[in-house]
Amino acid sequence: MRRKSWYYFVRFLLKIGFLCFFKKFKVIGRKNISKKRSTLFLPNHQNTFLDALTIAASYRGMSHYMARADIFTSPKLIWLMSTVNLRPIYRIRDGKKAVAKNEQVFKELEEFLSKGEAVMIHPEGTHNLEYRLRSLHKGFTRLAFGFLERFPNQELDIIPVGINYDNHTDFRQKASVHYGKAIDARTYFEMEDRNTATSILMNDVSAAMKGLITHIEPEENYQEKYTALRDAGADFSNPKETQDFLRLLESEQTLTKAKVKKPGIVERAMYPLVYVNNIVFVLLWKKLRPIFKDEAWHSAIKLCLGTFLGPLVYLLQTSIVYWILGPVWALLYLFLSLSTLPILRLGQAKTSY
């Protein structure tokens, strides 16, 4: 009970953090998730652990998340991550002995599934900032088939998930989570040949996931197509829109370039004040940024800083205003701080992939 209470409390904080961090965050297809069957979420993987956080913030039940084992660097960190249902998954690069540890991890996940709790695993294995789905690994099929073999009286839904960011790394971006139609794992489990079943399941999941994201192919033309979409003002958090644009490109039509919307005079004038008011976060991020050379970490770190440190900083600053000027000015300061926070986005360098 204590574990669940802590998980739901952290998720509550995350939802508040999402309101501040994202300009718009949409959840589509939640009705595809059954409340009565065990569920295995399979999302695309672009943005390190921010992808898992989007599932946590958008799925209303209890879920467990797989993360690459090399981030579990100490017993204390392993314990901390386990409190929010993050567990390690070992890869060949972690060594043969390490891979053997997956056996115990998978057994734990099967136990959670048997209790009606969901599990999320990234079938691509590693993250990549490009807007395309890469080849899937078969680890999720091993988990699905292992669960059905161990619990023959239970059913398992595989839910393909598309996580879409208009910009991967920036503050005040747009994002969406698209839950696809459930795939009944038992249909494949009951096939005579396990290798054939695994191959067919992987192909079906891959096809379903591609329909829920922006998937730019072939790989050698990626940059050309990506640039055309970005210049046309395509909203990458809306896969239907980008897919429509891609069909026009494939029919050899030229996309019209969109006008770039520039910040207003008021926003530009207020930016220095907003910058100073949030100087704690600005300086802390400047300190942390060189540590995270992989830009796929940037959004996740910014979100966590704002979610877990933000309330403390604003509480302290509001208390100082209260002590100097009184309660009315303190409330006014807090209101203005929160309402002008989006202006801080003007100071970030836009990235593209």
Out of curiosity, L109 CG to M120 CE, how far, rounded to the nearest 0.5 Å? 10.5 Å

Side-chain donor/acceptor of R172 to backbone N/O of C20, under 3.5 Å: yes

To check you understand the geometry: which heavy-atom pair defines the closest contact between G61 and Y8, and what is its length? C-OH, 3.9 Å

With the threshold set at 4.0 Å, does a side-chain nitrogen-carboxylate oxygen contact exist between R230 and D166? yes

For the side chain of R268 and the backbone of L346, is there at least one donor-acceptor N/O pair under 3.5 Å apart? no

Side-chain ion pair, E130 and R132, N-O less than 4.0 Å: yes

Please answer whether the main-chain N or O of D184 pairs with a side-chain N or O of E155 as donor and acceptor at a distance below 3.5 Å. no

Gap separating the CD1 atom of I301 from the CZ atom of F292, nearest 0.5 angstrom: 3.5 Å

CD/E219: more than 12 non-hydrogen atoms of other groups inside 6.0 Å: no

Between D193 (side chain only) and T196 (backbone N and O only), is there a donor and an acceptor less than 3.5 Å apart? yes

For the CG atom of L246 and the OG1 atom of T214, what is their distance to the nearest 0.5 Å? 7.0 Å

Hydrophobic cluster identity match, I163 and L19, side-chain contacts under 4.5 Å: no

Decide whether Y179 and S58 meet the rule of one side-chain donor and one side-chain acceptor closer than 3.5 Å. yes

Keeping the roles fixed (side chain from R11, backbone from M62), state whether a donor-acceptor pair exists under 3.5 Å. no

Return the NE2 to CD distance between H215 and E217, rounded to the nearest 0.5 Å. 3.5 Å

Find out if a path of hydrophobic residues (ILVMFWY) with successive side-chain heavy-atom gaps under 4.5 Å connects I28 to I213. no

Mind checking whether S319 and L315 have side chains closer than 4.5 Å, heavy atoms only? yes

Could you tell me if the side chain of L283 sits less than 4.5 Å from the side chain of K287, heavy atoms only? no

Do the side chains of H127 and H122 get nearer than 4.5 Å, heavy atoms only? no

Any idea which heavy atoms bring A185 and A144 closest together, and the distance? CB-CB, 4.4 Å

Please tell me whether D51 and Y165 have a donor and an acceptor in their side chains that are separated by less than 3.5 angstrom. yes

I want to check something: taking the side chain as every heavy atom from C-beta on, are L309 and L284 in contact at a cut-off of under 4.5 Å? yes

Output for pair (T141 OG1, L40 CG), nearest 0.5 Å, gives 10.0 Å

Does atom NZ (K210) have a neighbourhood of more than 12 heavy atoms from anything else shown, all under 6.0 Å? yes

Hey, what do you get for OG1 (T242) to OH (Y226), rounding to the nearest 0.5 Å? 12.0 Å

Just by distance, do the side chain of T227 and the backbone of Q223 share a donor-acceptor pair under 3.5 Å? yes

Can you hop from I265 to M270 via hydrophobic side chains spaced under 4.5 Å? no

In terms of heavy-atom contacts, L212 and P160 come closest through CD1-O, 3.4 Å

As a quick check of understanding, evaluate side-chain contact (heavy atoms from CB on, under 4.5 Å) for R60 and K35, giving each step before the final call. CA-CA 10 Å; R60 291 168 179 164; K35 295 180 180 179; over 6 Å; no

Chi angles and distances behind the side-chain contact (heavy atoms from CB on, under 4.5 Å) call for F245, K225: CA-CA 10 Å; F245 276 129; K225 290 184 176 181; over 6 Å; no

Donor-acceptor check, side chain of T169 to backbone of N167, threshold 3.5 angstrom: yes or no? no

Would you say NZ of K138 has more than 12 non-hydrogen atoms from neighbouring residues, nucleotides or ligands within 6.0 angstrom? no

With a 4.5 Å cut-off on side-chain heavy-atom distances among I, L, V, M, F, W and Y, is there a chain of contacts connecting I291 to F281? yes

Donor-acceptor pair, distance only, cut-off 3.5 Å: does the side chain of Q173 make one with the backbone of D170? yes

Using 30° and 60° as the class boundaries, would you call the ring planes of F236 and Y131 parallel, tilted or perpendicular? tilted

State yes or no: do L305 and L14 share one hydrophobic cluster built from I, L, V, M, F, W and Y residues joined by side-chain heavy-atom distances below 4.5 Å, directly or via other members? yes

Lys/Arg N to Asp/Glu carboxylate O, R142 vs E103, below 4.0 Å: yes

Walk me through whether T340 and L273 qualify under side-chain contact (heavy atoms from CB on, under 4.5 Å). CA-CA 10 Å; T340 60; L273 294 174; over 6 Å; no

Anything under 3.5 Å between a donor and an acceptor, one on a side chain of residues 321-336, the other on a protein residue two or more places apart or in another chain? List them.
residue: Y333; atom: OH; partner: N277; partner atom: OD1; Å: 2.7
residue: Y333; atom: OH; partner: Q317; partner atom: NE2; Å: 2.5

Looking only at atom types and distance, does a side-chain atom of Q154 sit under 3.5 Å from a main-chain N or O of S114, one as donor and one as acceptor? yes

Distance only, no hydrogens: is a donor on one side chain within 3.5 Å (strictly under) of an acceptor on the other, for R134 and T126? yes

Write down the atom of P290, the atom of K293, and the distance for their closest heavy-atom approach. O-NZ, 3.2 Å

Smallest separation among heavy atoms of L341 and F171, with atom names: O-CE2, 3.5 Å

Pair E295, H168: side-chain N/O donor-acceptor within cut-off below 3.5 Å: no

Passes side-chain contact (heavy atoms from CB on, under 4.5 Å), L156 versus F151? Steps please. CA-CA 10 Å; L156 177 65; F151 300 95; over 6 Å; no

Taking all non-hydrogen atoms of both residues, which atom of S237 and which atom of S176 are closest, and how far apart? O-OG, 2.5 Å

Taking C-beta and beyond as the side chain, do F25 and T54 meet within less than 4.5 Å on heavy atoms? yes

With distance as the sole test, does E124 use its side chain to make a donor-acceptor pair with the main-chain N or O of H45 at under 3.5 Å? yes

Is the shortest side-chain heavy-atom distance between F18 and L53 below 4.5 Å? yes

Is there a side-chain contact between F308 and V10 (heavy atoms, below 4.5 Å)? yes

Would you mind reporting whether N164 and H178 have side-chain heavy atoms less than 4.5 Å apart? yes

